[in-house]
Asks: 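Take this structure first; my questions come after.
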Amino acid sequence: MSRLLVTGFGPFPTVPDNPSARLARRLAGSPHLRRVLGQAPDCLVLDTRYAALDAQLAPALAEGPSAVLMIGVAARRSRVCVETRAVNRVSRLFPDAGGAVGRTLAFEPESPAQRRSRAAAQVLVALRRAGLAAVASRDAGRYLCNASYFQALAADRPVVFLHVPMPPRTRRPTAGGGRRRPTLDRWAAAFVEAARVLALRSRAQR
Ligand code: PCA
């Protein structure tokens, strides 16, 4: 059966505890999302290694998910970013979790210079409507997030990549003295709406 695939990433040298893995698992286990989709999505937490693209992502994509919602952390950003494209470029500077760096500058030498997400604009609207001050980004970096997005965008199905900032470590008291809803909970709730958009688009494509 064709379904939504949700992906996150494990730790890497500058981010020992990657919130994207927790978010992906939370979404995949969300009863609300299960109701929205009519079934639970598949969840894949990728090792932050170049080797994981072939070893983990490729087989999951080969199973033919109807849509893919990808999540990664961008520690220096302050807002959730909807990535509008992935480029065919790899950093040779930043080692992955296994110490390997990209070997060639082009990720796939025979492939186009970039691939765009046709679902990104609609996902951005959905996230904002869900109360998240998300922004569009045309720069998914030159590391594993960009590379995985480039790979997932190769097939004709709705795919979007969401970069999240590092969530604050402590819960901040609100002006009224109460506690704000934890950041990860707010993101996960809004990401259900992103998943809804992807699912509707995939149904329309069939
Ligand atoms: N962020 C990195 C890789 C894994 C992750 O969560 C990136 O932005 O490429």
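Below, each value reflects all heavy atoms present in this structure, side chains not excepted, and no hydrogens, waters or symmetry copies. Start at 1 and go down the list; that is how both ligands and their atoms are numbered.
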Asks: Tell me if the aromatic rings of Phe94 and Phe12 count as close, with their centers under 6.0 Å from one another.
Replies: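 Ring centroids of Phe94 and Phe12 are no less than 6.0 Å from each other.
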
Asks: Does atom CZ of Arg115 have more than 12 heavy-atom neighbours, drawn from other residues, nucleotides or ligands, at distances under 6.0 Å?
Replies: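 Yes, enclosed.
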
Asks: By salt bridge (charged side-chain N to carboxylate O under 4.0 Å, His left out), which residues pair with Arg85, not counting sequence neighbours?
Replies: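 Testing Arg85 for salt bridge (charged side-chain N to carboxylate O under 4.0 Å, His left out), a comparison that skips the adjacent residues, returns none.
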
Asks: Do any N or O atoms from the side chain of Thr7 and from the backbone of Val45 form a donor-acceptor pair under 3.5 angstrom?
Replies: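 No, Thr7 side chain to Val45 backbone: no donor-acceptor pair under 3.5 Å.
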
Asks: Between ligand 1 and the protein, give all atom pairs where both partners are nitrogen or oxygen and the distance is under 3.5 Å, as lines of names plus distance to 0.1 Å.
Replies:
{"from": "ligand 1", "atom 1": "1 (N)", "to": "Val73", "atom 2": "O", "distance (Å)": "2.9"}
{"from": "ligand 1", "atom 1": "6 (O)", "to": "Asn18", "atom 2": "ND2", "distance (Å)": "2.9"}
{"from": "ligand 1", "atom 1": "6 (O)", "to": "Val73", "atom 2": "N", "distance (Å)": "2.9"}
{"from": "ligand 1", "atom 1": "8 (O)", "to": "Val73", "atom 2": "O", "distance (Å)": "3.4"}
{"from": "ligand 1", "atom 1": "8 (O)", "to": "His163", "atom 2": "NE2", "distance (Å)": "2.9"}
{"from": "ligand 1", "atom 1": "9 (O)", "to": "Leu144", "atom 2": "N", "distance (Å)": "3.4"}
{"from": "ligand 1", "atom 1": "9 (O)", "to": "Cys145", "atom 2": "N", "distance (Å)": "2.9"}

Asks: Once side-chain hydrogen bond (donor to acceptor under 3.5 Å, both in side chains) is applied, do any residues pair with Arg26, and if so which ones, sequence neighbours excluded?
Replies: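 Checked Arg26 against side-chain hydrogen bond (donor to acceptor under 3.5 Å, both in side chains); matches are Asp185.
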
Asks: Who pairs with Phe191 by ring pair (Phe, Tyr, Trp, His ring centres under 6.0 Å), at least two apart in sequence or on another chain?
Replies: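 Checked Phe191 against ring pair (Phe, Tyr, Trp, His ring centres under 6.0 Å); zero matches.
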
